[in-house]
A.B. asks: 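Sharing a structure, written as structure tokens. Questions coming.
Just so we're clear, the structure is a prediction, and the values are computed from it rather than from any experiment. Every chain is numbered from 1 and lettered A, B, ... according to where its sequence line falls, protein lines coming before strand lines.
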Amino acid sequence: MIINHPLLGPRDASEFVHMGDASLMHRPDPKSETAADDFYRYQYLRDNPAGLYAELWFHEQGDRSWLVVTRNTLTHEIIDVQLARHIARQKS
Amino acid sequence: MKYSGFKVIKEALTGHKGWKPVWRKPEPKPAYDIVIIGGGGHGLATAHYLAKKYKQKNIAVLEKGWIGGGNVGRNTTIVRSNYGLHGNEGFYELSMQLWERLEQDLNYNAMVSQRGVLNLIHSDPQRDAFVRRANTMIMNGADAVLLDAKGVREHSPLLNFDNGRFPITGGLLQPRGGTVRHDAVAWGYARSADSAGVDIIENCEATGFDIQAGTVMGVQTSRGPIKAGKVAVAVAGNSSRVMAMAGRRLPIESHVLQAFVSEGLKPLLPGVITFGAGHFYVSQSDKGGLVFGGDIDGYNSYAQRGNLPVVEDVCEGGMAIMPMIGKARMLRMWGGIMDMSMDGSPIIDRTDISGLYFNGGWCYGGFKATPASGLAFAHLLATDTPHDTATAFTLDRFERGLMIDEKGQGAQPNLH
Amino acid sequence: MDKLTPLSVFENYSRDWDGFSIAEITGVELVSLSVAGGHEKEFAKAMKTALGCALPAPGTVVPAGEGLVMWTAPGQYLAMIPGGNDRADEELAAAIGATGYAVLQSDGWGILQISGDKIFDVLERFVPLNLRNCADNFAARTSAHHMAVICVRLLDGAWLLLTPRTSAAGFLESLEHVTDNVIG
Amino acid sequence: MSLVDFDAPINFKFNGKALQGFDGDTLASALLRNGVKVVARSFKYHRPRGIMAAGSEEPNALVEIHASGVCEPNRRATTIKLFEGLDARSQNFVGSVDRDLLAINDLLSPFFAAGFYYKTFMWPRAFWEKLYEPIIRRAAGLGSIMKTPDPDSYDKGFLHCDVLIIGGGPAGLLAALNAGEAGKQVILCDEDFILGGRLLSEDIDVDGTPAADWAKLTAHRLMMMPNVRVMKRTTVYGVYDHGIYGALETRRDAIGLKTPRHILWRIYAKTSILAAGATERPIAFENNDRPGIMLAGAARTYANRFGVTLGDNAALLTNNDDGLRTSARHVLDVRGGESVVNTKGRSGVKSVTLNSGQSLPVDGLYMSGGWNPNVHLTCHKRGRPKWDDVLSCFLPDAGNLPADMKVIGSANGAFSTQAVFDSANAACKTLGIKAAMRPKSEDAPVKVTAFWHVKTKGRAWVDFQNDVTAKDIALAHQEGFSSVEHVKRYTTLGMATDQGKTSNVLGLAVLAQASGRTIPETGTTIFRPPYTPVPIGAFAGAHRGTHFKPTRLTPSHKYSAEQGATFVDTGYWKRAQWIARPGEKGWRDSVDREVLTTRGSVGICDVSTLGKIDVQGKDAGKFLNKVYVNTFSTLKVGRCRYGLMLREDGIAMDDGTSARLSKTHYITTTTTAKAGPVYRHMEFCRQVLFPEMDVHLISTTDQWAQYSVAGPNARKLLEKIVDPNFDISNEAFPYMACGQITVCGGTRARLFRLSFSGELAYEISVPARYGDALIRALMSAGEEYGAALYGTEALGVMRIEKGHAAGNELDGRTTAAHLGLGGFVSGKKDCIGKVLSAREGLNDGVALVGFIADNPKDTLHNGAHFSAELGKAGPNEDLGHMSSVAYSPELKHWVGLGFIAGGKSRIGETVYARDFVRNHHVKVKIVSPHFVDPDGERLRG
């Protein structure tokens, strides 16, 4: 696979390490009353779609950026790649 | 129809006219007591045990394509019960025992070949972990032999003892482990279940559940609605897709695991060899092909195919540990979809929807589990209590912190 | 006690093939520089003053006096400056002040310079990047034979390969092996 | 017009017999030239087989290549370029290839029908592994592989291009020319050693010149273009995601040489053009597998390209006009009602029986059942080809191709040479590439009538190599295996080394006939990589032997080696395990000495392998508070603190110490094994979870050489090294202090007062360039104290004696509570893992304690499980396990650490440590895990 790094252009996926669902970006509020349940769902339950899927990859043999890659799990086609830090900053 | 050497000779002499279809091709009935979704190894085994052991009647197995077309038809055929945690080991040992009498149970030769499974040891911490595992195995009634470097050399003289990046310092051998002709497992269970009256319905895809007031009443299929007293889901690889039709999310991701086979070679290997430090395991089929594999690709996928980095990684492991196989040529590579669970262990449990039962999350342990999975799932369906060996495989274990995490990798499925 | 004598990563290795050569570069200090949050402009200005260069864009390197500055990550740069001064990080830290942070990296990497007309024939068996068609000021980190490597294109057509110190011996063996296979 | 150089003879051996061929020959053409008929034996029935094809689709003519002590099995004679000294041998026989004893299987064939083995060999049970299976295994397999390491070498590489053209026949040549003239970066791959494809085999003209000459000129033109890379003998074997193609280049056929034999290329292409041509189909009729029965197109190849005279009394059986190009004395066109019902001639076809009943003596039989486009690569991403009734073949489904792939020429169903050229130009046009030329050639229409199988009582081969006959397919259908995939699996159709190139479509057609369905109703069959088999060695490349994985060496490696250290692999690292001195008889002697010297005086150990992460920023302390259960923001500058890191699921991930060098600067250490994952995790926290914090991470593991100096004389030793302006007295530099200092007259260094051994101890680090010099300086300064260099074993013994958890304890299932550190997690502060660590399963009362044998003479075994009683113990009796053991030279008995239900509340009880697998069961006492200096007086001294 090739991941089109937003800053560095196309790079072989073997430079990257895959972690999992991009929902892991959204760590629940530990102070919430429902924290126990929120964290259980955050950590363990997955949509696991057959189709478009946003996932986290780490450019380990590159610039050490975490990326959010939107990829079709049926065809492996990648339609979007963004820096996770940008998305995280927009959120926070 | 009973199979035997005598029958084969008789048919050979009479032009093979007497062989009958191995299973019928029935039309779906409007209602069944139990509908099993998934005509793979686990679904068919469940049907067999439900009908034969638990004497249940009126059962259907629904298969969206052709039976045995999922992971039972695309794996590396290894059977073993060498797990390190009690929650798993008792179950896999039951499976091993069922494999050992499979041919007699089914009157079908699936070529269960107990030529041993050897896990190589390269370091002291690895030996410590394997000793702990071996003791777990023995406590659960399985067999385990700890070999030193000399013992490994005697068992598998072809390995790279002299020029390896990681020296071989020993091995954990399970002599009863081995391989089974994978497709035949599906056919054998299908034949047996069919003979006990189970309807095996191919080209029949489940497209939805009929759930009313928290109880499942039946399934919608590509061949019309079917009412059911109980619905059993055994579709590992696609568990999330099917359970999403019931509105449920699972602690499971789908990943691709590739496997490889070489051209046929004259006998080379004594049994199954696992080089964990190099992500490579291998056995030799009765036809002579080296059947080998390694890690999952590591990204979520439903594509049933993988990519080159893992292919190369696996072959590097192969050449590192068996440097004579350089000229053996890889003939085919393929990929299967694994239900990778959040702790690397399976789930066999009721769901919170009454009458809906779930079997999945097999990671890449599914093939060897086939008989016990079928038996335990049948037990659950017939008695509404978990089988003694499968009590740990609950859906709520993640919420409660009772994970069965053999590799200690936590909630990251691609690391299990 | 006697003064401690430094040891170079490749012990001043140098070897020539027909149309290709590999030589260790010593006497270069590497300092990693990170931009303090919210101080991007001040950091750029401080770098201009300290090293006389504008900040390089992603995937590139810029000349900085006798040295080079390479982009390594968002908000992070690697200065390669002539030296033999193992306190180069402290000097740069002082120069950029509160606008950023400096970390000495000179000892973490070995540096090889490769040159010659067969350079791409060797590199195409070594790294996955499209180096034949890259920009003149190209610089990137990737992996070669399972080891990390930073590839930097120099203006005269030669390349620098930086690789982590602790695996450098094996890295060089692999590079030599590939070169032997290509050139013989 | 032959392309063989008759002035360049080549000597080779076949089955020991010296023969001669010529430059430009393949082994197959040379064997035919020498009149060799029987080349190999088939898989199951051991039928004599000759050469059926002229390319990589060959199912029959498999041979072994030999060179001194080296053997390569299963090579197709049709793809070996003849070379001087080639030693080729037949395979898969007992006795000789001409008189194979296993040919008895052929007589017994009625018993060996499809799937027979599923129905028998079941009784008695024990006989399967002992009797039946070994016999089957010996008879099965094809060639033999040598049992010594493969002496050939392999390389891998990476190529990038705008246009990858797969196949160098008329379509590929023209497409490459167009793309090259348009200035694209072009790679053209062809599996053959001469470019031209079918142009080399057919007696036709292009633009008025013989086709082979046109091919040669065009190839020459391409090779002159700097932007075109022509790769002969390079097979594109697979299509992967996002424009990545796998290709195998064969540099030589000779074996046993040092230069790379194959290069495995990963090609990154923006666009690919598949011009892979087509493969001719056989026709199934009784005994259609005899030597001398050949595909018609192959016969033309041997005649035209290689100049081999095959026979002057051959027959041709065809269902299409293309077959009629073949020169044969007897032409049997099934469209005219003629057909072959049987053949005779065990070691070479001698006669054919026609459907008229007439027996025709022949010296060869050529068959053409039509052509299959080579759609293989269009299927690698699970695209399915579509059946075309007019052309009677499967064509690529244009709507379902790999992205950015175009298919041209006969691979796309353009069968006349003119149609091939036109399709190449048309495809280039859609890519915005202008036609560089418009060559003219023959434009014969495709005239083919589907014809598959002449039904008779006997066996008609479909898959020649695997011995799958039309009857087997019919039997499979009779038994309910009517899906194509079931038939393939039940009969092994298409599973042979030729990957079903000549058999899949024929088999599908025979199945369709047996089941009374059309071919599209019956199904399609798709192809997986590789297109042709790829040596495992090529996939491995140079990554074998000691270069399988990288090797990392510590800064003291050279010195330790000089001192006679034994090294151990820890991940990629080589670490000194112990350093034997003269007179020491075994490793225990050395380790005991290293421990006693350290505890008695001073010892030095390289701890540079610990991960070192430089953490800087205004929010560095706040950040560490999040990633560790401990609080770091309150740590004073100049002090260190232990930290336990959890995963978000509440399980311990790693531990280490962090030192605060300034308000905004920490140095965090990780365990050796977890340096990579911890860095990745911290970057995740930094970039994704807490992006608002000003914090910067740099891995500095390789930057600093770090040594532990431990033992009562540690300070005295260090005082000789540390420059005098730094006060390292206990008062100025107490336990857990840290600071930046200089040593040996001005070399910068960092000093941390940390102790893993439990002794008065320091860790000192210098830039790695000084690492070698520093270890020598330390050892030299320690000489007066008898300082020992110690390795990982002694390190392990001392940490077990001290009760510190390490890798064996942190196995990914351990909680803070298990380690007795639950209190840290329960405070007010949030940290990664805090919420989920409260789950019931993570608070099971299990905890780390110490164990000593009830009888002090007993040894302890790692990996033993604990049970309350001796006797049989199952899962319910399991109380826990021993995780680390060591012989304590200080206490003079074994000590162990382990996890047990009930934890510290059981201290004082006895249980049994059960090592079933080594049959070693010991009564043990549960004790505190702190065996040596439990109050920590030494380390504060």
A.B. asks: If you count heavy-atom pairs under 4.5 Å with chain C, which of D:Gly746, D:Pro767, D:Gly157, D:Gly745 comes out on top?
C.D. replies: D:Pro767
A.B. asks: Can you tell me which of C:Leu123, C:Asp2, C:Leu104 forms the most heavy-atom pairs within a distance under 4.5 Å of chain D?
C.D. replies: C:Leu104
A.B. asks: Contact part of C:Phe171 toward chain D, heavy-atom cut-off under 4.5 Å: side chain, backbone, both or neither?
C.D. replies: neither
A.B. asks: Can you tell me which of D:Trp573, D:Trp704, D:Tyr770 forms the most heavy-atom pairs within a distance under 4.5 Å of chain C?
C.D. replies: D:Tyr770
A.B. asks: Using the side chain to side chain contact (heavy atoms under 4.5 Å, CB included) rule, take D:Ile698 and C:Val103 through it: C-alpha gap first, then chi angles, then the decisive distance, then the call.
C.D. replies: CA-CA 8 Å; D:Ile698 303 272; C:Val103 180; 3.9 Å; yes
A.B. asks: Which pair of non-hydrogen atoms, one from C:His145 and one from D:Ala542, has the smallest distance, and what is that distance?
C.D. replies: CE1-CB, 4.2 Å
A.B. asks: Side chain from CB out, backbone as N, CA, C, O: work out which of these in D:Glu692 comes under 4.5 Å of a heavy atom of chain C, or both, or neither.
C.D. replies: neither
A.B. asks: Starting at OH of C:Tyr101, measure out to NE2 of D:His665 and round the result to the nearest 0.5 Å.
C.D. replies: 10.5 Å
A.B. asks: Sort C:Arg87 into side chain, backbone, both or neither according to what part of it lies under 4.5 angstrom from a heavy atom of chain D.
C.D. replies: both
A.B. asks: Would you compute the distance between atom CG of D:Asp702 and atom OG of C:Ser167 and round it to the nearest 0.5 angstrom?
C.D. replies: 6.5 Å
A.B. asks: Checking salt bridge (charged side-chain N to carboxylate O under 4.0 Å, His left out) for the pair D:Arg769/C:Asp107: CA distance, chi angles, key distance, verdict?
C.D. replies: CA-CA 6 Å; D:Arg769 73 189 86 168; C:Asp107 303 77; 2.7 Å; yes
A.B. asks: Would you call D:Lys558 and C:Glu11 a salt bridge, using N to O less than 4.0 angstrom?
C.D. replies: yes
A.B. asks: Pick whichever of D:Lys549, D:Lys720, D:Lys618 has the most heavy-atom pairs under 4.5 Å with chain C.
C.D. replies: D:Lys618
A.B. asks: Let me know if C:Ser106 has heavy atoms under 4.5 Å from chain D in its side chain, its backbone, both or neither.
C.D. replies: both
A.B. asks: At a heavy-atom separation under 4.5 Å, does D:Thr742 approach chain C through its side chain, its backbone, both, or neither?
C.D. replies: side chain
A.B. asks: Can you tell me which portion of D:Asp694 sits under 4.5 Å from chain C's heavy atoms? Options are side chain, backbone, both or neither.
C.D. replies: side chain
A.B. asks: Let's go through C:Asn181 and D:Tyr154 carefully: what are the C-alpha distance in whole Å and the side-chain angles of both, what is the deciding distance for side chain to side chain donor-acceptor pair (under 3.5 Å) to 0.1 Å, and is it a yes or a no?
C.D. replies: CA-CA 9 Å; C:Asn181 281 351; D:Tyr154 306 87; over 6 Å; no
A.B. asks: For D:Phe158 and C:Val127, work out which heavy atoms get closest and say how close.
C.D. replies: CD1-O, 3.2 Å
A.B. asks: What part of C:Ala144 gets closer than 4.5 Å to chain D, counting heavy atoms only: side chain, backbone, both or neither?
C.D. replies: neither
A.B. asks: So, are D:Arg266 and C:Glu124 salt-bridged, with charged N and O less than 4.0 Å apart?
C.D. replies: no
A.B. asks: Less than 4.5 Å apart, side chain to side chain, heavy atoms only: is that true for C:Lys3 and D:Thr747?
C.D. replies: no
A.B. asks: Using non-hydrogen atoms only, which part of D:Val695 is less than 4.5 Å away from chain C: side chain, backbone, both, or neither?
C.D. replies: neither
A.B. asks: Take C:Arg125 and D:Trp265 through the side chain to side chain contact (heavy atoms under 4.5 Å, CB included) test and state the conclusion after the steps.
C.D. replies: CA-CA 8 Å; C:Arg125 301 235 199 136; D:Trp265 296 104; 3.8 Å; yes
A.B. asks: What part of D:Leu159 gets within 4.5 angstrom of chain C, counting heavy atoms only: side chain, backbone, both, or neither?
C.D. replies: side chain
A.B. asks: Only one of C:Leu7, C:Leu4, C:Thr5 forms a side-chain contact (heavy atoms from CB on, under 4.5 Å) with D:Asp772, so which one is it?
C.D. replies: C:Leu7
A.B. asks: Examine whether an atom of C:Asp86 lies under 4.5 Å from a heavy atom of chain D, and if so say whether it belongs to the side chain, the backbone or both; otherwise answer neither.
C.D. replies: both
A.B. asks: Which atoms of C:Leu129 are under 4.5 Å from chain D, going by heavy atoms: the side chain, the backbone, both sets, or neither?
C.D. replies: backbone
A.B. asks: For residues D:Tyr268 and C:Pro128, report the shortest heavy-atom separation together with the two atoms involved.
C.D. replies: OH-CB, 3.7 Å
A.B. asks: Are C:Arg132 and D:His160 close enough, and set up right, to give a side chain to side chain contact (heavy atoms under 4.5 Å, CB included), and what steps lead you there?
C.D. replies: CA-CA 9 Å; C:Arg132 277 184 202 269; D:His160 302 258; over 6 Å; no
A.B. asks: Can you tell me if C:Glu66 has over 12 outside heavy atoms packed within less than 6.0 Å of its CD?
C.D. replies: no
A.B. asks: Is chain D contacted by the side chain of C:His177, its backbone, both, or neither, given a heavy-atom distance below 4.5 Å?
C.D. replies: side chain
A.B. asks: Considering only heavy atoms, which portion of D:Ser699 lies under 4.5 Å from any heavy atom of chain C: side chain, backbone, both, or neither?
C.D. replies: backbone
A.B. asks: Can you tell which of D:Arg552, D:Arg748, D:Gln616, D:His696 has the highest number of heavy-atom pairs within less than 4.5 Å of chain C?
C.D. replies: D:Arg748
A.B. asks: Quick check on D:Leu774 against chain C: is it the side chain, the backbone, both or neither that has a heavy atom closer than 4.5 Å?
C.D. replies: both
A.B. asks: For the interface with chain D, which of C:Val9, C:Leu30, C:Val35 has the highest count of heavy-atom pairs at distances below 4.5 Å?
C.D. replies: C:Val35
A.B. asks: Could you tell me which of C:Ala73, C:Ala36, C:Ser32, C:Pro164 has the largest number of non-hydrogen atom pairs under 4.5 Å with chain D?
C.D. replies: C:Ala36
A.B. asks: Identify the heavy atoms of C:Gln76 and D:Leu697 that sit nearest to each other, and give their distance.
C.D. replies: NE2-O, 3.8 Å
A.B. asks: Measure C:Asp180 against the heavy atoms of chain D and call it side chain, backbone, both or neither at under 4.5 Å.
C.D. replies: neither
A.B. asks: Please check if atom CG in C:Asp18 has more than 12 non-hydrogen atoms from other residues, nucleotides or ligands closer than 6.0 Å.
C.D. replies: no
